[in-house]
Engineer: 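Handing you a structure now.
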Amino acid sequence: MGDERPIAPPIHLSTTFERDEAGEYSGGFNYSRDDNPNRRMLEQALAALEGGAEAAAFASGSAAAMTLFQALRPGDHVVVADDSYYSIRVMLDEVFVPWGLTVTFADCSDLAVLSGAMRPATRLVFIETPSNPLMRVTDIAGAAEIAHAAGALLACDNTLPTPVLQQPLALGADIVVQSTTKYISGHHDAMGGALITGRDDAFWQRIRAQQRLCGAIPSPFASWLTLRGLSSLVQRVRWQNESALEIARFLAQHPAVREVLHPGLPTHPAHALAAKQSTGSGGLFSFRIDGEAKDALGVAARLRLFRRATSFGGPDSLVEHRASVEGPNSTTPGDLLRLAIGLEDPSGLIADLERALTPVRATR
Ligand SMILES: *Cc1c(COP(=O)(O)O)cnc(C)c1O
């Protein structure tokens, strides 16, 4: 057994691997928390896609972010984009501030604000671009310059654009964060996350040690599903990116829509910067109804092709009223809906939106 030469890789469920007669692990694996063939295949593919030296895969995007912060030391200071992924901000407040990190949340899309937030103890700047649901754009090369001048690393959450549309390492970032739960696995059926590094250095070895010691790793099956999804990543993301832009243009001229937040539209304040550092923002964007929260909720309720659910990156288009999800402390406008464009034909999605928006126009 072992020479069957399958095209789709087998799933290696074994938690433990055998030593040879000399007592060595000549097969290259010893225990699946340390490393597993399915996880290693996924890590190598992710490193290649992001143009990195190495990647480490985790059980979720949140576990990847957790491991990044754990590789710092108590007393270190981090600057975190104030509109980065909501639950990463909560993780910092509830877990890592008590643990000993000092955190400054800042609007990193304004480089002067980022500069002003840097301190002598700053070890890491954490950005996400474009952010969501507000789709703010941060200058990756500019942020890298500021971080490096202060002796800090730049980490960039690249979940939205994926490496297909944006390559932060090539723009100067040191570490890329991915929630592979979204576009990379791409089918709403596998949780996962990854860190991808530009260099295999001492900090990366601390991340590897955290991965091994703390064990927030993906299962062999999740690794396999994610790698399977990855094989169609380029085609899916290109389709979803183009559909989203077409739908955004439709919404931008609709009388019941106040504003469309999409970096691909010339009306977006950072349209030129977005075009310079990426070839698209992916299938996720937001728009604001010309009305109130109840009107936005009414539109979401009338949509049929769009399902009312959180997340993005899968084949099914989703709609979400972010202010309700984020709760009473949310700063997201109540009239805002976030759309995650799936793999359906955009003409059907446009017809669905047109029908759901019509009563908003009629009641005004
Ligand atoms: C979903 C998401 C995360 C968290 O990933 P999980 O896999 O849900 O833990 C982090 N960053 C961004 C931008 C995300 O969309």
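Hydrogens, waters and symmetry mates play no part in the numbers below; they use all other heavy atoms, side chains included. Note that ligands are numbered from 1 as they come in the structure, with each ligand's atoms numbered from 1 the same way. The structure presented is a predicted model; accordingly, all values stated were derived computationally and were not measured.
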Engineer: Quick check: are there more than 12 heavy atoms from other residues, nucleotides or ligands sitting under 6.0 Å from CZ of Arg302?
Structural biologist: yes

Engineer: How about CD on Gln253, more than 12 heavy atoms from neighbouring residues, nucleotides or ligands closer than 6.0 Å, or not?
Structural biologist: yes

Engineer: Could you list the atoms of ligand 1 found under 4.0 angstrom from a heavy atom of Met191?
Structural biologist: 7 (O), 8 (O)

Engineer: Any salt bridge linking Glu326 with Arg338? Criterion: basic side-chain nitrogen under 4.0 Å from a carboxylate oxygen.
Structural biologist: no

Engineer: Heavy atom to atom 11 (N) of ligand 1, shortest distance: which of Asp157, Asn158, Asn132, Thr159 holds it?
Structural biologist: Asp157

Engineer: How far is atom 9 (O) of ligand 1 from its nearest protein heavy atom, and which residue and atom name does that atom have?
Structural biologist: Ser62 OG, 2.6 Å

Engineer: With a cut-off of 4.0 Å, which atoms of ligand 1 are near a heavy atom of Gly61?
Structural biologist: 5 (O), 6 (P), 7 (O), 9 (O)

Engineer: Could you identify the single nearest non-hydrogen protein atom to atom 4 (C) of ligand 1 and state the distance to 0.1 Å?
Structural biologist: Tyr85 CE2, 3.4 Å

Engineer: Which atoms of ligand 1 are found less than 4.0 Å from any heavy atom of Gly192?
Structural biologist: 7 (O)

Engineer: For ligand 1 and Glu128, I'd like to know whether there is a polar contact (N/O to N/O, distance under 3.5 Å).
Structural biologist: no

Engineer: Counting only heavy atoms not in Glu344, do more than 12 sit closer than 6.0 Å to its CD atom?
Structural biologist: yes

Engineer: So for Ser87, does at least one of its heavy atoms come nearer than 4.0 angstrom to any atom of ligand 1?
Structural biologist: no

Engineer: What residue and heavy atom of the protein are closest to atom 1 (C) of ligand 1, and at what distance?
Structural biologist: Lys182 NZ, 1.5 Å

Engineer: Any atoms of ligand 1 less than 4.0 Å from a non-hydrogen atom of Thr181? List them with their elements.
Structural biologist: 7 (O)

Engineer: Say whether Ser179, considering both its backbone and side-chain N or O atoms, lies within less than 3.5 Å of an N or O atom on ligand 1.
Structural biologist: yes

Engineer: Do the side chains of Val234 and Met41 join up, straight or via other hydrophobic residues, at under 4.5 Å, putting them in one cluster?
Structural biologist: yes

Engineer: From Phe287 CZ over to Arg258 CZ, what is the distance, rounded to the nearest 0.5 angstrom?
Structural biologist: 12.0 Å

Engineer: Against heavy atoms of Phe312, which atoms of ligand 1 measure under 4.0 Å?
Structural biologist: 15 (O)

Engineer: Taking atom CZ of Arg89 as the centre, report whether more than 12 heavy atoms of other residues, nucleotides or ligands fall under 6.0 Å from it.
Structural biologist: yes

Engineer: Look only at interatomic distance and state if Leu160 has a nitrogen or oxygen under 3.5 Å from any nitrogen or oxygen of ligand 1.
Structural biologist: no

Engineer: Could you give me the CA-CA distance, side-chain angles and deciding distance for Thr310 and Glu320, then say whether side chain to side chain donor-acceptor pair (under 3.5 Å) is met?
Structural biologist: CA-CA 6 Å; Thr310 194; Glu320 188 169 51; 3.0 Å; yes

Engineer: Just wondering, more than 12 heavy atoms not from Phe221 lying within 6.0 Å of its CZ?
Structural biologist: no

